[in-house]
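Here the structure comes first, spelled out in structure tokens, and everything after it is commentary.
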Amino acid sequence: MEIHRFEKAWLGFALLLIVGLIATITYGAVGPGVAMISDSGGTIDSSALGEHEQFSDPGVRQVGENEYDVYVVAQQFIFRPGTNEPITLPADSTVTFHVASADVIHGFSITGTNVNTMAIPGQVSKITVEFDDPQTYGLVCHEYCGAAHHEMAGTIEVVP
Ligand code: CUA
């Protein structure tokens, strides 16, 4: 069957739109001074975080010259660290967050950026972020996790 020339043109246009849409989603909306590099994880026993090598004492670990690992426990209704004490990191650093939930599903979203993940019981969410300039970021839980979900927030301080 012969494809009409007009139809062909519209088909091409539609394909272009689809490719454009995917490209926009893939490379879109990056927040100021921040770039999300990857989003992957592993498994964990959420009921035994206290016995975990890293999550029993969550916080910032320096792993390279400008590289840091940050272990964060999300639980009703705080981030440890983050809520009671800020997560403090130097500017011009590459930071991998490892986020584990101690109870239910939580969110982990750095406000004003495209950095966000979910903390699902039984899994570790791992995201790598580049922090360029000194700035204070908000950290919020963007998954409903119970009565005080709206109060579950924290702070990330990127310092010179
Ligand atoms: Cu934790 Cu919403």
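Residue numbers start at 1 and run along the sequence shown. Just so you know, ligand 1 is whichever comes first in the structure, and atom 1 is the first atom listed for that ligand.
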Query raised in the report: Tell me, do I87 and V70 make a side-chain contact under 4.5 Å, heavy atoms counted?
Result: yes

Report task. Please list, chain by chain and in numerical order, all residues satisfying side-chain contact (heavy atoms from CB on, under 4.5 Å) with T155, sequence neighbours excluded. Result -> P86, T136, E157

Requested in this report: Start with the C-alpha gap between S101 and S46, add the side-chain angles, then the distance that decides, and say whether side-chain hydrogen bond (donor to acceptor under 3.5 Å, both in side chains) holds.
Outcome: CA-CA 6 Å; S101 167; S46 283; 5.3 Å; no

Report summary line: Taken by chain and residue number, the protein N/O/S atoms under 2.8 Å from atom 2 (Cu) of ligand 1 read C141 SG, E143 O, C145 SG, H149 ND1

**Report entry** Donor-acceptor contact present, side-chain D103 to main-chain Q76, <3.5 Å
**Finding:** yes

Query raised in the report: Is the H52 ring parallel, tilted or perpendicular to the F55 ring (thresholds 30°, 60°)?
Result: tilted

Query raised in the report: Quick one: are the ring centres of Y71 and F97 less than 6.0 Å apart?
Result: no

